[in-house]
Novice: 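Mind looking over this structure? Questions follow.
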Amino acid sequence: MKIVVVGSGTAGSNFALFMRKLDRKAEITVIGKEPTMQYSPCALPHVISGTIEKPEDVIVFPNEFYEKQKINLMLGTEAKAIDRERKVVVTDRGEVPYDKLVLAVGSKAFIPPIKGVENEGVFTLKSLDGVRKIKAYIAGRKPKKAVVIGAGLIGLEGAEAFAKLGMEALAVELMDRLMPTMLDKDTAKLVQAEMEKHGVSFRFKERVSEIIGNPVEAVRIGDEEVPAELVLVATGVRANVDLAKKAGLEVNRGIVVNEHLQTSDPDIYAVGDCAEVIDAVTGKRTLSQLGTSAVRMAKVAAEHIAGKDVSFRPVFNTAITELFALEIGTFGITEERARREGIEVVAGKFRGSTKPEYYPGGKPITVKLIFRKSDRKLIGGQIVGGERVWARVITLSALAQKGATAEDVAYLETAYAPPISPTIDPITVAAEMALRRFG
């Protein structure tokens with residue numbers, strides 16, 4: 001069987017490795033624009049800050065590792081078209097035949113139509129090459145003031161990196177809070193306060209209308225010119241759908257797939273940032289542009305091609321980050337989005353400590369849980385704290401995936417030891433707070 005993968009990022013690389021484990025004889029070919037296989041995009045801000053020393057350090061495995069697995073690499077190669085009748089991928093290096101085709105074409109940074117956005121000193125944070133350019137620019141020009149357009153996850157991680165390098169960092173966000181798709185206003189304020197302590201400032205409900213200077217010298221926000229020697233555009237990403245659309249596959253915001261990750265052509269699969277899957281809360285189509293989702297999709301697609309009856313489950317988009325030692329974990333729906341979707345919810349929130357009050361070294365932690373009123377099921381959560389957020393958010397996400405109710409969370413069996421956790425865990429207390437509001 002000839003299996004061709006278009007895309008050498010997280011989804012494509014992992015698919016190739018999973019497929020090789022399941023089928024030792026298949027001819028597996030990976031076509032990718034970049035010169036290397038998988039690296040970690042989530043690590044890129046830490047390369048800028050210097051926490052990770054070199055850009056090359058974020059490459060997961062060298063190309064030789066895949067070649068030893070008898071995976072044929074066509075890197076530095078662009079897929080131009082898919083001929084579905086002849087079952088070939090047309091590239092700038094010739095045609096590649098397939099029996100099964102996997103589109104792992106990822107996403108691209110969205111660049112808003114801002115005057116001067118193409119000027120020197122304006123960057124996006126999406127690729128290894130982009131990080132190299134940012135580092136070279138910082139080393140050469142030694143900027144003191146940075147402006148980040150967008151206060152989502154990538155924008156905040158970029159702002160943190162610039163602040164750690166000693167720059168004044170300003171994040172400009174069109175919405176009324178940071179991380180607007182992941183946090184409600186009350187939890188977002190906790191993150192904002194921590195970032196402001198470390199020199200990151202914010203302007204909300206405003207937009208950058210112009211980038212002035214080449215190299216950049218300032219940005220225009222409304223009628224005001226704000227000094228800036230470096231600009232990061234972090235206004236989100238868009239799924240790469242052009243190749244699929246040109247081939248006549250069903251496309252919305254992403255490439256439409258079924259529960260097995262097959263596109264409208266059953267011999268073509270889509271995985272990773274480009275694939276449009278199902279939201280676990282609303283039942284609507286959504287994108288799940290997370291590294292964890294990319295790996296799970298890769299696994300399901302490989303197993304399905306190998307003949308297993310497996311499905312990719314609807315997503316809660318569980319995510320976590322750390323900003324200046326403050327951990328932020330989220331999953332599911334926010335209160336605000338629930339209102340927009342017409343879902344009546346009950347929320348419970350608790351602010352406490354990561355350790356018993358009598359034990360030294362405890363750090364503040366806030367847990368907010370969101371339950372659907374009609375069936376009392378857990379459908380969202382936000383945790384902001386100084387430590388051990390990761391364990392709590394994946395526990396809650398797992399409970400949500402299994403259909404847990406407010407009662408299930410409130411009476412959850414937890415673990416206790418004074419140096420690690422309180423007797424009554426904050427996640428159970430937050431559920432109790434919600435139970436009181438159910439009446």
Side-chain angles (χ1 to χ4, degrees), residues 152-153 156 177-192 194 278-283 286 288 290 292-293 313-323 326-341 343-354 363-415 421-422 424-438:
L153 200 55
L156 295 183
R177 65 194 183 281
L178 54 78
M179 296 176 70
T181 63
M182 302 171 74
L183 297 177
D184 285 310
K185 201 166 185 178
D186 53 349
T187 48
K189 283 182 178 178
L190 301 174
V191 181
Q192 179 183 340
E194 183 66 22
I278 301 298
D279 184 286
V281 178
T282 66
T286 190
S288 189
L290 300 165
T292 48
S293 295
R313 298 174 182 175
V315 296
F316 281 91
N317 280 337
T318 308
I320 190 161
T321 192
E322 182 184 70
L323 298 166
L326 185 70
E327 298 176 11
I328 305 107
T330 73
F331 69 94
I333 202 166
T334 62
E335 268 195 291
E336 181 180 309
R337 184 172 161 228
R339 283 194 293 271
R340 293 200 309 267
E341 296 283 352
I343 301 171
E344 196 171 358
V345 297
V346 171
K349 188 167 74 170
F350 175 71
R351 182 176 173 84
S353 176
T354 56
K363 297 179 180 179
I365 188 168
T366 297
V367 179
K368 180 176 183 177
L369 302 182
I370 298 164
F371 299 90
R372 188 163 45 213
K373 191 171 184 180
S374 61
D375 57 10
R376 305 166 83 94
K377 286 187 177 181
L378 177 64
I379 58 172
Q382 301 156 44
I383 309 180
V384 178
E387 61 184 356
R388 299 192 176 93
V389 167
W390 173 79
R392 289 182 169 97
V393 80
I394 64 169
T395 296
L396 288 164
S397 176
L399 287 166
Q401 291 170 51
K402 291 296 183 182
T405 63
E407 287 82 2
D408 292 329
V409 182
Y411 293 99
L412 186 69
E413 180 179 337
T414 59
S421 62
I424 304 174
D425 197 89
I427 63 176
T428 63
V429 182
E432 289 173 3
M433 296 294 186
L435 283 175
R436 293 178 188 178
R437 298 183 64 188
F438 272 109

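Residue numbers run from 1 in the order of the sequence given.
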Novice: Write down the atom of F438, the atom of A406, and the distance for their closest heavy-atom approach.
Specialist: CE1-CB, 3.9 Å
Novice: Verify, without hydrogens or angle tests, whether R372 (side chain) and I343 (backbone) share a donor-acceptor contact under 3.5 angstrom.
Specialist: no
Novice: Looking only at heavy atoms, what is the nearest atom pair of E335 and V345, with distance?
Specialist: CG-CG2, 4.3 Å
Novice: Going by heavy atoms in the side chains, are I365 and I383 under 4.5 Å from each other?
Specialist: yes
Novice: A side-chain contact here means heavy atoms from C-beta on lying under 4.5 Å apart; do L156 and M179 qualify?
Specialist: yes
Novice: For the pair R340 and E336, evaluate salt bridge (Lys or Arg N to Asp or Glu O under 4.0 Å) and give the outcome as yes or no after the intermediate values.
Specialist: CA-CA 7 Å; R340 293 200 309 267; E336 181 180 309; 3.2 Å; yes
Novice: Please report the shortest heavy-atom distance between V281 and F316, naming the atom on each side.
Specialist: CG2-CE2, 3.8 Å
Novice: Taking 4.0 angstrom as the limit, do R388 and D425 come out as a salt bridge?
Specialist: no
Novice: Closest approach of G348 and M433, non-hydrogen atoms and distance?
Specialist: CA-CB, 4.1 Å
Novice: Quick one: closest heavy-atom pair of V191 and L323, and the distance?
Specialist: CG1-CD1, 4.0 Å
Novice: Are the side chain of T395 and the backbone of A391 linked by a donor-acceptor contact shorter than 3.5 Å?
Specialist: yes
Novice: Between R177 (side chain only) and K189 (backbone N and O only), is there a donor and an acceptor less than 3.5 Å apart?
Specialist: no
Novice: Looking at T354 and K363, would you say the former's side chain and the latter's main chain have a donor-acceptor pair under 3.5 Å?
Specialist: yes
Novice: Can you tell me how far OG1 of T366 sits from CD1 of I328, rounded to the nearest 0.5 angstrom?
Specialist: 11.5 Å
Novice: OG1/T321 to CG/L326 distance, rounded to the nearest 0.5 angstrom?
Specialist: 9.5 Å
